[in-house]
Amino acid sequence: MLDIKLIRENAAMIRARLSKRGGDYGLDALLSLDAQRLRLIQKTEQLKQSRNELSANIGEKKKSGENSDIEQAKSREIGGEIKALDESLKKTGEEIESMLLSIPNIPHESTPDGEDEAANREVLKWGEIPKFSFAPKSHVELGESLGILDFGRAAKIAGARFSLAKGPAAEMERALINFMLEIQTKEHGYTEVAPPFMVNTSAMTGSGQLPKFADDLFKIENSDYWLIPTAEVPVTNILSGELLDLSDLPISYAAYTPCFRAEAGSYGKDTIGLIRQHQFSKVELVKFTAPEDGERQLERILKDAEEILRRLNLPYRVVTLCSGDLGFSAAKTYDIEVWVPSQNKYREISSCSWFTDYQARRINLRFRRDKKSRPQFVHTLNGSGLAVGRTMVAVMENYQLENGSIEIPKALRPYMGGLDAIV
RNA sequence: GGAGGGAUGGCCGAGCGGUUUAAGGCGGCGGUCUUGAAAACCGUUGAGCGCUUGCGUUCCGCAGGUUCGAAUCCUGCUCCCUCCGCCA
């Protein structure tokens with residue numbers, strides 16, 4: 001959520017920067033409602049002052065036994081006016097709130113301009129793209145011929161976009177989760193958290209998934225619970241409503257959770273395999289920082305996520321998303337894309353974003369710089385560290401041998417009981 | 001699922017229709033004292049919003065209601081705790 005005061009006082013600047021996302025977002029309507037709201041506040045507060053004075057007066061008269069019928073009648077009359085004004089004030093406030101919730105974050109100045117993913121800017125490439133002396137198979141072919149991935153039976157028990165991992169594949173998923181968490185917690189200083197996999201509407205609204213993106217989510221019937229699409233949702237909301245000290249920051253959390261996505265509107269995309277599933281595992285990194293530290297911490301998260309791919313020796317590149325491709329709540333985002341041999345291209349495996357104070361304002365998470373200063377909003381950030389399903393795709397395909405077996409990356413072997421290959 | 005208890009400022013906790021401007025304590029900050037510190041003592045210390053920056057207004061879990069006036073009374077809801085039942 002953007003600050004209404006910022007919009008009020010810098011309308012032209014906000015309009016210009018939001019236009020880079022390709023939208024107008026109804027700023028004019030918002031500003032006129034805001035002006036109306038300010039007028040209502042002034043009127044109602046003036047009336048409340050009169051009523052408070054009258055009430056104090058009545059109190060004194062009652063105490064001394066005087067008659068206060070005139071004051072009471074006057075106060076009753078004012079009360080009626082206040083009630084009417086408060087009602088329209090509340091209505092106006094709710095309209096403003098819902099308009100604000102539908103306006104995305106302002107792109108950071110270092111976010112490149114552009115309409116869509118074609119304008120994303122490559123930042124770096126790492127690793128050697130493997131040269132196979134044979135036609136590399138997809139992870140689906142490899143997994144099915146090795147008998148370790150079973151999409152047919154997954155469809156039988158759940159449906160399309162689900163998978164069933166068996167034996168070494170199931171073990172590899174568990175190993176990757178542990179491998180990632182170990183590095184992020186033991187080496188990069190994140191505190192591991194194990195949050196709920198379902199959250200309420202308020203938490204979904206706080207991190208920005210609701211109200212606009214309900215179609216992407218799974219809702220539990222007859223309850224206020226939603227399945228989380230990413231650990232970002234429960235973890236970002238851990239500190240909602242709290243007032244921190246500067247010395248508490250930065251706070252870094254790492255969490256493994258399954259993620260559930262409806263994938264509405266992606267029919268026909270990545271219909272087979274592990275790339276796009278209704279349920280997948282992910283290790284997520286979340287940081288809370290002071291504003292001046294936000295940009296630096298985004299670079300940290302990116303490096304922390306990249307480190308997993310480096311240890312696994314998987315080729316990847318990093319791109320900065322352009323304004324038109326940026327997520328709703330983000331001001332700046334780096335995507336990490338891993339090499340997928342069967343598709344002969346890089347595919348997203350991590351997304352690292354800086355939300356400035358946009359999420360913090362929604363969840364009302366503030367900090368106090370020192371004893372004398374007023375509370376201000378923290379900055380929130382997060383990044384995948386990494387998406388486990390897609391990491392499995394990358395490992396299986398990049399480490400395949402001509403006979404259809406898969407070598408286990410050296411760094412992962414200790415997490416798989418020393419296993420060096422799946423044959 | 002049944003019965004009971006509770007939710008008040010950074011934290012603990014009193015208040016149950018009108019000097020609540022929310023007592024008191026802890027913690028924080030400033031000062032006295034001290035070579036310095038501690039202790040002691042004194043003072044001070046919530047958030048949001050509006051505008052004529054000093055005033056006003058709102059906020060005691062959330063939402064309604066009663067009243068001239070609500071932290072306080074009434075209704076509904078949410079969450080937490082205790083006991084019973086069920087249960088991994």
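The structure presented is a predicted model; accordingly, all values stated were derived computationally and were not measured. Letters A, B, ... are given to chains in the order of the sequence lines, protein chains preceding strands, and every chain is numbered from 1.
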Worksheet, complete the sentence: Of B/rA47, B/rG69, B/rG56, the nucleotide closest to the side chain of A/Gln49 is B/rG56

Practice prompt. Tell me the partner of B/rU57, counting only Watson-Crick (N1-N3 plus N6-O4 or O6-N4) or G-U wobble (N1-O2 and O6-N3) with both under 3.5 Å; none if nothing fits.
Written response: B/rG48

Response to the item:
Quick note, A/Glu45 side chain, CB onward, closest among B/rG64, B/rA47, B/rU57 is B/rU57

Practice prompt. Can you figure out which of B/rG56, B/rC49, B/rA47 approaches the side chain of A/Ile41 most closely?
Written response: B/rC49

Practice prompt. Confirm from the modelled atom types if A/Gln42 and B/rG50 form a donor-acceptor pair under 3.5 Å, side chain to base only.
Written response: no

Worksheet entry | Mate of B/rC41 where both pairing distances stay under 3.5 Å, Watson-Crick or G-U | B/rG31

Discussion item. Can you identify which nucleotide, out of B/rU58, B/rC49, B/rG65, has its nearest atom closest to the A/Arg51 side chain?
Written reply: B/rU58

Item to complete: Name the closest nucleotide to the A/Ser55 side chain, picking from B/rG18, B/rC51, B/rU57.
Response: B/rG18

Worksheet item: Closest to the A/Lys48 side chain: B/rG50, B/rA47, B/rU57?
Response: B/rU57

Discussion item. Checking base pairs now: Watson-Crick or wobble, both atom distances under 3.5 Å. What partners B/rC16?
Written reply: none

Worksheet item: Looking only at side-chain N and O atoms, does A/Lys90 come under 4.0 Å of OP1 or OP2 in B/rG64?
Response: yes

Worksheet item: Which of the following nucleotides, B/rA63, B/rC49, B/rG48, is nearest to the side chain of A/Lys5?
Response: B/rC49

Worksheet item: How far, in whole Å, is B/rG17 from B/rC86 if one measures between their P atoms?
Response: 44 Å

Worksheet item: Taking the side chain of A/Leu243 as its heavy atoms from C-beta onward, which of B/rG50, B/rG10, B/rG69 lies nearest to it?
Response: B/rG10

Discussion item. With rounding to the closest Å, how many angstrom separate the C1' atoms on B/rA70 and B/rU58?
Written reply: 14 Å

